[in-house]
Structures are given as C-alpha cells and as structure tokens.
Number of protein chains: 2
Amino acid sequence: MSTRDKIIDASIKNFLIFGYDNTSLSTIAAEVGIKKPSIYYHFKNKEELFIVSVNHIFDSLENYVSDSIKNVSSSYEMLENIFLSLIDFNKNLSYIVGNNHSEPVNLYNLFHFGKNKYVYIRERIDKYYNYLRSTIMDIIKMGQKNKEIRKDLDKELLTLQIISWIEGFFALSSIYSYFDIYDMYQSLYDNMWKMITTQTKPKKGFFNRKANPKTISLGTKW
Amino acid sequence: MSTRDKIIDASIKNFLIFGYDNTSLSTIAAEVGIKKPSIYYHFKNKEELFIVSVNHIFDSLENYVSDSIKNVSSSYEMLENIFLSLIDFNKNLSYIVGNNHSEPVNLYNLFHFGKNKYVYIRERIDKYYNYLRSTIMDIIKMGQKNKEIRKDLDKELLTLQIISWIEGFFALSSIYSYFDIYDMYQSLYDNMWKMITTQTKPKKGFFNRKANPKTISLGTKW
DNA sequence: GTCTATACGCAGATAGAC
DNA sequence: GTCTATCTGCGTATAGAC
C-alpha cells in the first residue's frame, strides 16, 4: 500500500469521525507514520485531500449498490438487496472508524459540508443520487409490469420516496437512541413492501447475503 | 430585547449557517454590536452558548408541532399538519439564516454534532423524538380505530417509519439538487397517505395553514 | 456590563536540508 | 520523499480598567 493510499485511508477515517474542521493533518500524519509536511508532497492542501476522500467514498458506495442487484431478479429482492447493501456499507464504515457497528457513521454530515463548500462534491452527490434514482426506478417499472408493485403509485415519486425513506432510517438511527436500523431493517423493509405491493403476502426470496462485513474492503479503488 | 437574547439569536443563526466550529464569538459579538469579551459576562463559554441555543430550537420545534394539531381532528389532517408544521419551521429557519427558503437548513448536522459532544443534548433530542413518537402513535391508533388507517401495519413500526420518512425528505432535499421538499410536499404526503390508508380516496379536509412564514417568530421563548 | 489588551494554543502551510 | 524548523493567522478565554 502506497503512502498516498495510506494517507487517503487515514483521512477518510478522520473526516468521518471528526468532520472536516476537527480533522488535523498532524493526526493523519501520525496515523500513517509520517510527519505533517510529508502530506504536502502527495496533496496540494487539506481541501484536495478532502475531495479525494469523499470521491472514494462515493465510488465505493456505487459499487456496493450495483453489486448487490447482480444476481437477483424480482423487484422484491432487488429493493431489499439495495437496502441491505447500504446497511453493509454503513456497517463497514462503522467498523473502519471503530465504533463497533453500534450506530451509523456520520456520512450525511460530511456530504452536506462538502456540498456547500465545493461545487465538485455537489455534482458528485447529484451523480450518486441520479444513479440510485434511475436504478430504483427501473426496478419499480419492472415491478409494476409484473404486478408485484401497485400501479396507483406514481413511479417517479415512489422512487424518490424510497430513497428518502432509506436516508431517513439512517438519519434517525444516528440521532435517536431508541431507533436502531441494524436491529429493525427487516421489519422496516417488510412494512414498506406491504405498502407498495399488490400482493397480500410477498413471495419471500432466498438470496445470498454478504457474509462478514468486517472482511469487506471499502471498494475497488481502495 | 436583552443583550443576552440578542446573543442567543445571533448564535443560533451562526451555528445553523457555519456549524459549531466555524462559528466564532467575534462574529456573534459583531452582529450583536458588542465586543467579544462581553459575551463572557452572559455565558460561561462557547459550549454553554451552544447548549442554550440548541435547547431553544427544540422548545420551538415542539411548540410548532403541538400547535399544528390543536384545531383538527381526523388522522389525515393531523398527520398532514404535523408534516406542514415541520416544513414551516424549516422555512422559518431558512429565512433567519438568510438563504431565502431555497433549501432546508442544516438542523440535523447541528443535532448530530451536539449529541456526540454533550449528554444533555442527546437527552434533549431523545425527548423531542419521544414526544413526536407518542403524538404520532396516538394519531395512528385513532386512525386505525376509525378505519382511516390500515390495521395490517404495526402501529409502533409505522410511527417510527413516518418520522424517518419526514426526516429523510428533509435530508434528501438538503443534499440532492433535484429533490425539493418545498415543491413536492403535497404529492409526497398524498402518496404516503395512499399507502397507509384503507380508503381508495382520502376525504380531503379543509384546514387553516399558517399564513406567512416570514412573520412567525421561532417560538414562545424567543 | 462593557471595554482594551493580551495570553495561549493549535491549525494549515512553507523553506530548505538530507 | 521525508524530515526539522518556522511562519502566520485565528480561535477561545482571561485580567483588569472604566
């Protein structure tokens, strides 16, 4: 692993734990095992380091989602797998930052900060949600065609709603002590499916879960 | 308006715009029209100022919600009014921070930061969500009794889901450029109601909206 | 209650040796 | 590529006069 990559890894970890402002280059350098000025050989400044870090997170996030729906075909399973892939991703981040999966990591805050500070990150965020939106919309279209999903719900709106819901689960889970998405995701998904499906009982598919979150790296570029 | 109150107002504004770390006491003092050391006469330190500010926001938030359901009776209207009261609240904050309602303010980030830093704020957040949860649960119970709301959805779970959804709408709206909760709230609510109701067409109630967000103060304690 | 003056620390960043 | 030494700026906070 190159020094550059080590710096990026340590940066991601620190940005996630402390946020941009409370992350200091001295700490990152110490974790990598170098001195602060050496960082400046690899990166122009803190801002560049931040942008590179956030970009890596997004690349990895998109990989998680697209991998999750490769080997399933029903809309029920695809939506569930997307949901699960996001949970896995967050669990992995929790593991990386060392909070033992106890609660989702503060991804949203980092994105929001980045969005307001750098146009490039705003665009990267939009690209990610555009991807998620078109992916989920295709699943819904398919589900409506197969009569798995209710046709009286507008597909554009339903897509945005599903994305919002999932974001909301993570958000609430990270601020409200009595709500734990890791405990409840199965009932949350079942309940959601009940609302959007035409079937009285969904046909429960059997599919492979990713085995052990701890062993999964953050993405191809890592 | 006392100097102390002016300081609190300016603090809330700055914390919302810049976050805790990037808010400087010099700026707050300048906006109030005093010098930095004078702040220390009214507050022990920056932390105390932060806690007081966040607490004011929560008191105000709870007032908005509880006021919104005072004069309506159906579960359809009550849920809609809660949703609308949160939108109004966020619009008012947007107005205060001066972004012209263009997007929701960064409330969630501030809460998350505060929660991790101070036990007191964690408890205050939990108290708020406990209040919201019990309020919405009562509405759902009533709706299920009146046959307005589906009985095959678990009321505990549905309550947490509705809260998550609303949080998610605000979250997504503040990071994804193509999603605007202020534009879409009516369709979002209609679609949500379609999913949780037993009726094919909801009886649309007529109720008073708060007239002009710009004229509403942030709460009784302000 | 509010001020001027100031202490102190730590951040990001650069110069230049090796 | 990495280091030591150092610059510069801004933050919170305090002392003490008025």
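Every chain is numbered from 1, with letters handed out A, B, ... down the list of sequences. What you see is a predicted model, and the numbers here were worked out from it, not measured in a lab. Every heavy atom of this structure was used, including side-chain atoms; hydrogens, water molecules and symmetry mates were not.
Looking at heavy-atom distances under 4.0 Å, A:Thr23 makes contact with sugar-phosphate atoms alone, never a base.
Within the 4.0 Å cut-off from OP1 or OP2 of C:dC3, at least one side-chain nitrogen or oxygen of B:Ser38 is found. Phosphate contact (OP1/OP2 of C:dT2, side-chain N/O of B:Tyr41, threshold under 4.0 Å): absent. OP1 or OP2 of C:dG12 has at least one side-chain nitrogen or oxygen of A:Lys46 nearer than 4.0 Å. OP1 or OP2 of D:dT2 lies within a sub-4.0 Å distance of a side-chain N or O belonging to A:Thr3.
In this structure a side-chain-to-backbone donor-acceptor pair under 3.5 Å is missing from A:Ser38 to A:Ile34. The backbone N or O of B:Ser68 lies less than 3.5 Å from a partner atom in the side chain of B:Asn81, making a donor-acceptor pair.
In this structure, CG of B:Asp21 is placed 12 Å from P of D:dG11, rounded to the nearest angstrom. Between B:Phe50 atom CZ and D:dA13 atom C1' the separation is 19 Å, expressed in whole Å. Rounded to whole Å, the distance from NZ on B:Lys35 to C1' on C:dT6 is 16 Å. Taking atom NZ of residue B:Lys6 and atom P of nucleotide C:dG1, one finds them 13 Å apart after rounding to whole Å. The CZ atom of A:Phe43 sits 12 Å away from the P atom of D:dG1 (whole-angstrom rounding). Counting to the nearest Å, the P atom of D:dA13 and the NZ atom of B:Lys44 are 10 Å from each other. Put simply, CZ on A:Phe18 is 11 Å from P on C:dA11, counting in whole angstrom units.
Annotation: of the two residues near DNA chain C, A:Pro37 and A:Thr27, the 5′-most nearest-nucleotide partner is A:Thr27.
Atom NZ of B:Lys117 has more than 12 neighbouring heavy atoms from other residues, nucleotides or ligands inside a 6.0 Å radius.
Judged by a 6.0 Å distance limit and a 45° cone about the ring axis, A:Lys91 is positioned over the six-membered ring of A:Tyr182.
The base of C:dG12 sits within donor-acceptor range of the side chain of A:Lys36, with an N or O pair under 3.5 Å.
Here A:Tyr76 and A:Tyr189 bring their ring centres to under 6.0 angstrom of each other.
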